Amino acid sequence: MLEIKDLRAEIGGKEILKGINLTINPGEIHAVMGPNGAGKSTLSYVLSGRQGYEVTAGSVTYQGQNLLDMDPDVRACSGIFLAFQYPVEIPGVASATFLKTALNAQRKFRGEEELDAIQFLKLVREKTKELGIKDDMLKRAVNVGFSGGEKKRNEVLQMALLEPQLMLLDETDSGLDIDALKVAADGVNRLRSPERSALIITHYQRLLDYIVPDFVHVLADGKIVKSGDKSLALELEEKGYAEISAA
Amino acid sequence: MKSLSALAQSYIERFDTALETLPGQSSRSITDLRKAGLEKFSQQDFPNKRVEEWRYTNLSALTKGAANEDSSGAPALAASSFDADFEIVFIDGIFSENESRLDKLPQGLSLSSLATELGNGAVFSLNDEEDRSLIALNTAFMQDGFCLHVTENTQISGVLGITFKSTGTETHGLHIRNRISLDDGASLTMLERHEGKGSYFSNPVTDISIGNNARLDHYKFQNESVSAFHLALTDVEILQGGIYKNFSFSVGAKISRNELKTVILGSDAESHLDGAYLMRGEQHCDTTTLTEHKVPQNISNQTYKGVLDDRAHGVFQGKIHIAPNAQQVAGDQLSKALLLSDYAGVDCKPELEIYADDVKCSHGATSGELDDDALFYLQARGISESNARKILIEAFLGDVLTSIDNDVVREYFNTQSALWLQNS
């Protein structure tokens, strides 16, 4: 699904990723944990194609294609979904319009028929019901005036609608209470399948109680310094990053 | 003696000949009025950048008299149809009976051409507190326009269309003079449209009086050719309880100025001046407003939003003047510009002149680029960059366009805005 080889990236001339190697196979859930400033968010932005990050070496192959050559929207249409750490407020754009536009852009890309307003509404109601999300947020402008929890729920709803192949969760747990955390985890777990993969970037082990990863990696100073199974997350929680990174 | 601009000289030189064919030529008073207008204009010339009110708009491309050869004369947006309930049409500044649809004019609404009115000896005045040379020029050379009157307590339903089309064949200026008066309790919704091709100079001057408790919803679509000059001046007087709402939507002209002056003469009166302008290429769009609160207890507000691409330039100058006795007045003003290119720019000059102490006034001006975070967010959901930009531009314009009261006009402006975005 995703193969990252010796990936180096910098922003504003400062190297943040210093040679990342990571392979994610279909159906696998990987967690990347690490202290602040380790490069966790940079990794998610580089994978989703945000401007301003310069890849200086290495490669990223996604479903057999060179991911780094793709525009952000093409990556999204090809099945990569980034759940933002800080979802962006977009005044003047109704959530429903935004979701429909995004979904139809992706359907069109895949050669599927676009949904009309009624079909879309039916689908979105289905998803909100499944996830236990109130659908009144659809009428409001994208993320405007949403609480932190509502913003993250909105990310989960988008993910449920767009049904990505590869979910990238960038500190989705930050600032969430336990209920919102469960909604987020539930969103990912519902999408779990032998074809879908996820990369969960997190500072704390907490989220991994609800989304059980197959692999856990420790990212420190732009490199993966240790990999293991889910027990590594617990070990990190217990001993802290400093000890593990140094080991 | 200072030397006049080439264009001013050519106006002065052909004035005597023009007098013979301009409407009202048989009336002594109208001829005197025109002469007084010319006299006033020749003392002033066209405004230049040394004039404070014209600091940001340079007319030398017009006044040097050089042929406008570098310009394409293309329409800004393709000519559009608007399904007005009744419509008066002017071709190259002259009333066209054939193109107008005035057979279904409702009772209480009278509409005639200025040429007819001048022929009948209607009285116009040159009175202008600001002594603006463009009004003087217009008075000297006014050749047609419309006179509109709605009688007391008559509510006109539907939208009156007023359409000015330019074919580019008229090389002299189009000096259009309009007069609108709404008697007490009358109401009217109108859409004034300007469109054309080729190079020309359009100079519409409109005097509006709003009676007690009368209401005028005045929409304007400025879609002149990208080689045209459009210098419009609108003066409005509002009496007690009267409401004047102006919404100007501008996409056209090489250089345009929409100058609006409203004088509030009664309590509980309202003046709302709003607008949106979408400019690209080398276009220049100036919105200049003056709102005078002469008496207590009334409100005014202004919201203008501009989208500027390429090397386009926007200007917003808004002055709110509150007289010493005009207590309990609220005046708000906001100008926002979205710059789509590093070379686009905007000048803003909000001014508050307040001589009363119990008033509520605000003004704000911002300009900025599209939000990169929002752009990336949309793209990260599969929306292409060009679509994402369109969505954000529409969102920027959204609140000012949705504030339009009339459904048909709002829909029309939304369509024009989408067409403009399609071309980008």
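Since the structure is predicted, the reported quantities are computational estimates derived from the model, not experimental observations. Because only heavy atoms are used, hydrogens play no part in the values below, and waters and symmetry mates are left out as well, while side chains stay in.
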Quick one: do Leu82(A) and Phe376(B) satisfy side chain to side chain contact (heavy atoms under 4.5 Å, CB included)? Show the steps, please.
CA-CA 11 Å; Leu82(A) 170 66; Phe376(B) 176 64; 4.3 Å; yes
Contacting moiety of [X], where chain B heavy atoms sit under 4.5 Å:
| X | answer |
| --- | --- |
| Arg75(A) | neither |
| Leu162(A) | side chain |
| Pro87(A) | both |
| Val74(A) | neither |
| Asn104(A) | neither |

Minimum heavy-atom distance between Gly382(B) and Ala76(A), given as atom pair plus value:
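In terms of heavy atoms, the two residues are closest at N-CB, 3.3 Å.
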Minimum heavy-atom separation for Val93(A) and Ala395(B), please, with both atom names.
CG2-CB, 3.5 Å
Applying side chain to side chain donor-acceptor pair (under 3.5 Å), can you list everything that pairs with Asn387(B), at least two apart in sequence or on another chain?
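So Asn387(B) forms no side chain to side chain donor-acceptor pair (under 3.5 Å) with any residue.
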Contacting region of Leu392(B) [heavy-atom separation from chain A under 4.5 Å]:
side chain
Quick one: what part of Asp373(B) sits under 4.5 Å from any heavy atom of chain A, side chain, backbone, both or neither?
both
Give a yes or no on this: more than 12 heavy atoms of other residues, nucleotides or ligands lie within 6.0 Å of atom [atom1] of [X].
| X | atom1 | result |
| --- | --- | --- |
| Glu130(A) | CD | yes |
| Lys305(B) | NZ | yes |
| Asp83(B) | CG | no |
| Glu112(A) | CD | yes |
| Phe82(B) | CZ | yes |

Take the angle between the ring planes of Phe98(A) and Tyr377(B) and call it parallel below 30°, perpendicular above 60°, tilted in between.
parallel
Would Arg381(B) pass as a cation-pi partner of Phe81(A), given that its NZ or CZ must be under 6.0 Å from the six-membered ring centre and within 45 degrees of the axis?
yes
Is there a side-chain contact between Leu378(B) and Ile90(A) (heavy atoms, below 4.5 Å)?
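SC-SC contact between Leu378(B) and Ile90(A) confirmed.
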Gap between atom CD1 of Ile383(B) and atom CG of Asp73(A) - 0.5 Å precision:
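Rounded to the nearest 0.5 Å, the CG-CD1 separation comes out at 9.0 Å.
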Heaviest contributor of heavy-atom pairs below 4.5 Å to chain A, chosen from Gly398(B), Ala388(B), Ala374(B), is Ala374(B)
Select, from Glu89(A), Gln51(A), Gln158(A), Lys108(A), the one with the greatest count of heavy-atom pairs under 4.5 Å involving chain B.
Gln158(A)
